[in-house]
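In what follows, a single structure is set out as structure tokens and then discussed.
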Amino acid sequence: MRIGFLTPEYVTETNSCGGLSNYLGRITLHLARSGHEVHVFVFSGVAQEVFNHNGVLVHRIPCNVPSLANNRWFRRLGAMDYHYALEILEKNVLGCLTIAQQHRKTPFDIIQVPHMSGIGILTTLLGGEKVVLRVSGYSKACDRLRGHVASKPDTAITAWAETVQFNLASNIFSPSKLIKHLLEIEEDIHNIEVLQTPFFNEVQKEDISLHETYLKGKKYLLYFGNFQIYKGVIELTQALYRVMDACPDLTMVFAGGDIPTRVTPSMHDYIRSSLPHLADRLYLFDTIPHSQLYPIIKHARAVVLPSLIDNMPNTMLEAMSLGKPVIGTIGASFDEFITDGENGFLVPLGDSDSLAKKLIEVWNRSDLDTIGKNAAESMLRMAPDIQVDNLLTYYKTITESPKSKHRFGHMAVLKAIKLAKKMIA
């Protein structure tokens with residue numbers, strides 16, 4: 001098959017730190033190795049170019065809207081509040097034009113776009129049945145947990161753009177039942193398939209230097225991922241005050257991007273200031289490459305991922321594949337994969353007291369190696385040979401539909417009118 005992926009991030013780019021990037025890095029590599037022609041269209045801060053990355057053709061699409069922030073006329077017009085809207089518009093236009101240009105040369109069988117910020121609206125509109133929308137999260141729910149208000153321009157614009165894209169898409173899939181359920185309830189979208197995320201360890205050579213320098217010989221729990229509020233970092237920090245007093249031999253390790261939140265401009269600083277008497281037992285690393293991260297995961301006693309909402313996150317898949325028990329939350333998609341006490345552990349959502357009790361219990365268990373082994377065995381069903389085959393089967397049901405034979409742009413106006421009527425109603 002000839003498959004195109006539109007994305008705001010990819011493993012070849014400097015902004016390659018999110019779950020979407022890791023997911024695409026793995027799946028495109030596997031598809032290319034399996035003989036499919038794979039194109040990735042990624043928005044980039046560097047010049048436009050096309051290059052081969054491990055058999056995947058990467059098309060860098062330069063974006064210029066951020067430079068408008070320094071334009072005095074742009075600021076004088078008071079348009080800074082709509083800077084994000086212009087960025088979404090630019091990405092929609094440039095992404096769609098670049099894909100359409102390649103499609104005219106040799107048609108794609110399928111084009112996959114992300115839900116994020118609605119950057120695939122135009123591609124979804126013009127591509128019609130050839131386009132598949134993968135929902136890797138749900139911004140409205142995440143924004144509620146972050147404490148954002150709908151009137152904030154970038155938040156409102158993102159929510160609107162994603163709603164438009166949900167309604168335009170003929171083909172939608174999500175890695176979890178949770179997000180499928182939320183979209184059915186909140187967006188009245190009912191054409192969503194659940195396709196779990198394929199996973200394999202793509203690291204060929206590990207770098208143990210970071211672990212050896214800071215963590216060798218220490219017994220520790222690990223949190224890794226972005227420091228967003230909806231990832232449960234605040235609840236984890238609150239729980240640690242009690243846990244680390246009860247377990248004097250416990251060290252806590254954090255690794256991930258230090259994203260500003262409504263609570264603090266630096267979550268790293270928030271954690272340190274909340275646990276000042278435990279500073280010598282805390283290690284906080286920024287985003288680190290998988291080659292250095294995986295040895296740190298392997299030597300942890302367990303991995304703590306207390307998200308308030310999630311979507312079968314890569315962090316869980318990575319930890320379990322490396323034989324580590326994960327402490328996740330009930331109702332945040334972890335319970336779709338983890339059975340408490342068998343291949344991991346589960347705690348109630350947003351409950352720091354319950355989290356503290358569970359962490360103390362887990363720390364003192366003698367069977368973590370067995371539970372970690374069960375976790376690794378659970379990951380066998382996520383192998384690419386199984387899950388990518390499921391995705392390809394889904395693709396084929398779409399491409400074999402008579403509607404998918406339409407040319408790029410066919411029926412787009414009628415589809416837009418239909419959407420407009422629905423949203424006005």
Side-chain angles (χ1 to χ4, degrees), residues 4-9 18-20 23-24 41 43 84-85 87-89 91-93 95-96 99 110-146 148 150 152-197 230 309-312 332-333 391 394-395 397-398 401 403-404 409 411-425:
F5 293 87
L6 178 67
T7 179
E9 57 184 56
L20 176 61
Y23 157 76
L24 286 176
F41 300 87
F43 298 108
Y84 197 60
E87 186 175 333
I88 291 174
L89 177 62
K91 287 180 176 179
N92 264 281
V93 172
C96 186
I99 290 173
I110 208 84
I111 300 162
Q112 183 170 308
V113 300
H115 84 286
M116 297 172 69
S117 304
I119 61 172
I121 289 175
L122 198 54
T123 303
T124 303
L125 175 64
L126 297 178
E129 293 290 334
K130 287 185 177 293
V131 176
V132 172
L133 175 65
R134 180 182 185 265
V135 185
S136 56
Y138 183 43
S139 293
K140 286 184 181 178
C142 293
D143 286 337
R144 286 197 296 269
L145 293 168
R146 290 186 188 108
H148 289 175
K152 188 176 180 181
D154 60 349
T155 303
I157 290 164
T158 298
W160 176 85
E162 290 185 1
T163 294
V164 169
Q165 190 160 273
F166 291 145
N167 281 276
L168 280 174
S170 301
N171 313 295
I172 308 178
F173 75 93
S174 168
S176 74
K177 297 175 184 176
L178 171 68
I179 298 300
K180 171 183 168 72
H181 178 70
L182 282 174
L183 292 180
E184 287 174 343
I185 297 299
E186 298 194 22
E187 300 285 352
D188 194 28
I189 305 296
H190 297 277
N191 59 324
I192 306 168
E193 296 288 331
V194 175
L195 297 171
Q196 292 184 328
T197 301
Y230 69 84
I309 185 172
D310 230 312
N311 195 13
M312 295 291 282
S333 80
L391 180 61
Y394 177 62
Y395 284 168
T397 63
I398 296 166
S401 167
K403 294 181 181 179
S404 70
M411 302 295 285
V413 173
L414 291 178
K415 198 169 188 178
I417 292 171
K418 184 178 179 181
L419 172 64
K421 288 180 178 178
K422 180 177 179 179
M423 298 192 76
I424 290 171

Q.
Can you tell me how far apart CD1 (I121) and CG (N167) are? Round to the nearest 0.5 Å.
A. 10.5 Å
Q.
Test your reading of the model: is there a side-chain donor-acceptor pair from N191 to the backbone of I172, 3.5 Å cut-off?
A. no
Q. Closest approach of M116 and S136, non-hydrogen atoms and distance?
A. CG-OG, 4.2 Å
Q: Can you measure from CG (N92) to CD (E87) and round to the nearest 0.5 angstrom?
A: 11.0 Å
**Q.** Nearest heavy atoms of I179 and S174, plus distance in Å
**A.** CB-OG, 3.4 Å
Q) What is the distance from atom CD of E193 to atom CG of L391, rounded to the nearest 0.5 Å? A) 11.5 Å
Q. Heavy atoms, side chains only, cut-off 4.5 Å: are P114 and P8 in contact?
A. yes
Q. Parallel, tilted or perpendicular: which fits the ring planes of H115 and F166, with parallel below 30° and perpendicular above 60°?
A. parallel
**Q.** Spacing of R134 atom CZ and F5 atom CZ [to the nearest 0.5 Å]
**A.** 10.0 Å
Q) At what distance, to the nearest 0.5 angstrom, does CG of L6 lie from NZ of K91? A) 9.5 Å
Q) Do I192 and V135 have side chains that get closer than 4.5 Å, going by heavy atoms? A) no
Q) Which of these, T123, T163, T124, L122, sits in a side chain to side chain contact (heavy atoms under 4.5 Å, CB included) with L168? A) T124
Q: To the nearest 0.5 Å, tell me how far C96 SG sits from L126 CG.
A: 4.5 Å
Q: Kindly say whether I189 contributes a backbone atom to a donor-acceptor pair with the side chain of E184 at under 3.5 angstrom?
A: no
**Q.** Reference residue I111; test side chain to side chain contact (heavy atoms under 4.5 Å, CB included); the match among V132, L133, V131
**A.** V131
Q.
So, using side-chain hydrogen bond (donor to acceptor under 3.5 Å, both in side chains) as the criterion, who are the partners of S176 when residues are at least two apart?
A. N311
Q: Report the residues that fulfil side-chain hydrogen bond (donor to acceptor under 3.5 Å, both in side chains) with N171, sequence neighbours left out, ordered by chain and then residue number.
A: none
Q. Which atoms form the tightest heavy-atom contact between T197 and M312, and what is the distance?
A. OG1-O, 4.4 Å
